[in-house]
Student: 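Here it is, the structure, as C-alpha cells.
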Amino acid sequence: MRITTRGGYGDCQSIGCVADLNRRCPKELRVMDGANVVACKSACEAFGKPDYCCTGVFNKPETCPPTNYSRIFKGACPKAYSYAYDDASSTFTCANANYSIILCPR
C-alpha cells in the first residue's frame, strides 16, 4: 500500500511499503494456511508480553525500544510504523492535503 499527498503544507510525504513481509516473516510470527504464509503477526500479538506490547513498565518510549522483530519490519518498510513508539521516523504532519491510497503499487 502507498499513501500519497497532493497539495497541503507541512511534512507532506508519500509513504507506504511494497515489500513482501510474509516472505521475511520470522517463523514464530507466521500465520499459515497449509504450507503458505498468509500473514505475519506483530511480536505483541504473537507473544502478548509487555516488553513487545509496550505495556506495564514498558509503557514509555524510554522503556520500550525497538525489538529485533520490529527492526525486521522497519528494515523492509522504513517509513512504516513498526512498533508502539516508532514516532520519530514514521509520523508525518501534513495539513489541508488530498490523499490517495493505492493498494498493491508496483
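When reading the values below, keep in mind they use all heavy atoms of this one structure, side chains included, and skip hydrogens, waters and symmetry mates.
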Student: Kindly write out the residues that satisfy side-chain hydrogen bond (donor to acceptor under 3.5 Å, both in side chains) with Ser82, not counting sequence neighbours, or none if the list is empty.
Tutor: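 Ser82: side-chain hydrogen bond (donor to acceptor under 3.5 Å, both in side chains) contacts with Asp86.
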Student: Report the residues that fulfil side-chain contact (heavy atoms from CB on, under 4.5 Å) with Cys40, sequence neighbours left out, ordered by chain and then residue number.
Tutor: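 Partners of Cys40 under the side-chain contact (heavy atoms from CB on, under 4.5 Å) test: Asn22, Cys25, Pro26, Leu29, Phe73.
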Student: Between Cys94 and Ala97, what is the shortest heavy-atom contact and its length?
Tutor: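 Cys94 and Ala97 have their closest heavy atoms at SG-CB, 3.5 Å.
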Student: Among Ile, Leu, Val, Met, Phe, Trp and Tyr joined by side-chain contacts under 4.5 Å, find the other residues sharing a cluster with Val38 and list them by chain and number.
Tutor: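 ILVMFWY cluster around Val38 also holds Val31.
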Student: Mind listing the side-chain donor-acceptor pairs of residues 44-52 below 3.5 Å, one per line with the distance, residues two or more places apart or on another chain?
Tutor:
none

Student: Sequence neighbours excluded, which residues qualify as ring pair (Phe, Tyr, Trp, His ring centres under 6.0 Å) partners of Phe58?
Tutor: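 For Phe58, no residue satisfies ring pair (Phe, Tyr, Trp, His ring centres under 6.0 Å) once neighbours in sequence are set aside.
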Student: Keeping to residues at least two apart or across chains, list the side chain to side chain donor-acceptor pair (under 3.5 Å) pairs with something in residues 60-69.
Tutor: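 Residue pairs with at least one partner in residues 60-69: Glu28-Tyr69, Asn68-Arg71.
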Student: Could you tell me if Arg2 and Ser14 have a donor-acceptor pair between their side chains, going purely by distance under 3.5 Å?
Tutor: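 Side-chain D/A pair, Ser14 to Arg2: absent.
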Student: To which residues is Met1 joined in a hydrophobic cluster, defined by side-chain heavy-atom contacts under 4.5 Å among Ile, Leu, Val, Met, Phe, Trp and Tyr, whether direct or through other members?
Tutor: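 Via sub-4.5 Å side-chain contacts, Met1 links to Ile3, Ile15, Phe92, Tyr99, Ile101, Leu103.
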Student: Under the side-chain hydrogen bond (donor to acceptor under 3.5 Å, both in side chains) rule, collect the residues that match up with Asp11, sequence neighbours excluded.
Tutor: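 Checked Asp11 against side-chain hydrogen bond (donor to acceptor under 3.5 Å, both in side chains); matches are Gln13.
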Student: Applying salt bridge (charged side-chain N to carboxylate O under 4.0 Å, His left out), name anything that partners Lys79, two or more places apart in sequence or on another chain.
Tutor: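 Salt bridge (charged side-chain N to carboxylate O under 4.0 Å, His left out) check on Lys79 returns nothing, list empty.
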Student: With sequence neighbours excluded, tell me which residues meet salt bridge (charged side-chain N to carboxylate O under 4.0 Å, His left out) with Arg23.
Tutor: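 Checked Arg23 against salt bridge (charged side-chain N to carboxylate O under 4.0 Å, His left out); matches are Asp20.
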Student: Taking only residues two or more places apart in sequence or in another chain, which ones pass side-chain contact (heavy atoms from CB on, under 4.5 Å) with Ala76?
Tutor: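 Counting only residues at least two positions away or on another chain, Ala76 forms a side-chain contact (heavy atoms from CB on, under 4.5 Å) with Ala19, Leu21, Arg24.
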Student: Who pairs with Thr55 by side-chain hydrogen bond (donor to acceptor under 3.5 Å, both in side chains), at least two apart in sequence or on another chain?
Tutor: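 If we apply the side-chain hydrogen bond (donor to acceptor under 3.5 Å, both in side chains) test to Thr55, skipping adjacent residues, there are no hits.
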